[in-house]
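Below, each value reflects all heavy atoms present in this structure, side chains not excepted, and no hydrogens, waters or symmetry copies.
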Amino acid sequence: MRHGCRILLLFLTTFFCGWGATPLLHSQESVVDLSAMQQSAVHGTDQLSAVSDAAVPDTVVSETVTGPAERVSQDPQNPEPHAQNNPNVAATYQPVTWKNLPRRVLGDQKLVWLFPLHLAQGQHLLPTLGVVGATGGLIAADPHILVHLRNTTAFHEFDEIFSGTNTGAFTALVPATFYVYGLVRKDSYAEQTALLAGEAYLDSAIPHVAIKLVSRRLRPSAVPVTGNYTDTFFKSHVSVLGKGSSFPSGHAAGIFSIATVVAERYRHHKWVPWVAYGLAGAISFSRVPTFAHFPSDVFLGAALGYTITRYDVLRDRTH
């Protein structure tokens, strides 16, 4: 009974964060947009009164009355109704569609795999060294952390709620909810959020699968109870999609790629990044107490999901 209540609580939370949170985000945007339109209308009326005695061409009067907010919405380069609130130039000027999604992913992957050339030119050295250093430190600490987790039951309830099945369903539900909401409400901004989340997920999946194929790290659950966790790399048998390899975490890469899209596109609501990254962190960490991944696997997966999405998928595509 208690287990059923926990599962029900998880799915109620999922429902709120998915279908419930989406209209909440857009209803708040509507208030902002209405206020901006009212201010624009007052400003336009004042301008019209000031030039009423002058011989002004019809096109100028029309532009003055409509105001800047309406001109932005009529701009073919800016088709999204909430573009003035959108910090992401990529989604504003080059919308992603089902048709151009494969081409966009290929372009994203080109930048990902050419990243070492930028490092050779001295670019992005400090953040890269930070990620590599933190990952290396966690690899060294992994055996000690896993031994402690093996001897504790403190995360038993947490493991039941944040199981692989539940967290996988939640990861898929978030972009699906935005897409369905966008279709039902004819909200192109929500649809773009869903498609960008799908693009980000694919972009993070390709490199993390490639790393899995090379690292072939044993999962903690594959280490015997009497064994240790110090010699785990290049030991596992993996499929062509990397299944069976622990390093890095695909769960962490996927959920952080989706969370970054939502957090960036709705960051004018200050609580959204906290909720998005908080849930992504909890889901990523859930893979450690279940012995599905080492802490270093989770950290690197999260770093891949965030950086690829933030600086590749959401990059400025106008130049």
Could you tell me how the ring of [X] sits relative to the ring of [Y]: parallel (under 30°), tilted (30 to 60°) or perpendicular (over 60°)?
X      : Y      : result
Phe256 : Tyr277 : parallel
His268 : Tyr266 : tilted
His124 : Phe115 : parallel

Using modelled atom types only, decide if a donor and an acceptor are shared between the side chain of [X] and the backbone of [Y] within a distance under 3.5 Å.
X      : Y      : value
Gln192 : Val96  : yes
His251 : Ser284 : no
Asn166 : Ile161 : yes

Minimum heavy-atom distance [X]-[Y], with the two atoms named:
X      : Y      : result
Ala194 : Pro175 : CB-O, 3.2 Å
Ala140 : Pro143 : O-CD, 3.5 Å
Pro207 : Trp113 : CA-CZ2, 4.0 Å
Thr97  : Leu195 : CA-CD1, 4.2 Å
Phe285 : Val298 : N-CG1, 4.3 Å

Worksheet entry | Pair Arg104 + Asp203, salt bridge at N-O below 4.0 Å |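 Asp203 and Arg104: not salt-bridged.
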Worksheet entry | Pi-cation contact, Tyr189 with Arg265 (under 6.0 Å, within 45°) |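 Judged by the rule (NZ or CZ under 6.0 Å from the ring centre, within 45° of its axis), Arg265 counts as positioned above Tyr189.
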Worksheet item: Which is it for Asp297 and Arg217 under the salt bridge (Lys or Arg N to Asp or Glu O under 4.0 Å) test, yes or no, and what are the steps along the way?
Response: CA-CA 10 Å; Asp297 304 337; Arg217 189 181 196 184; 2.8 Å; yes
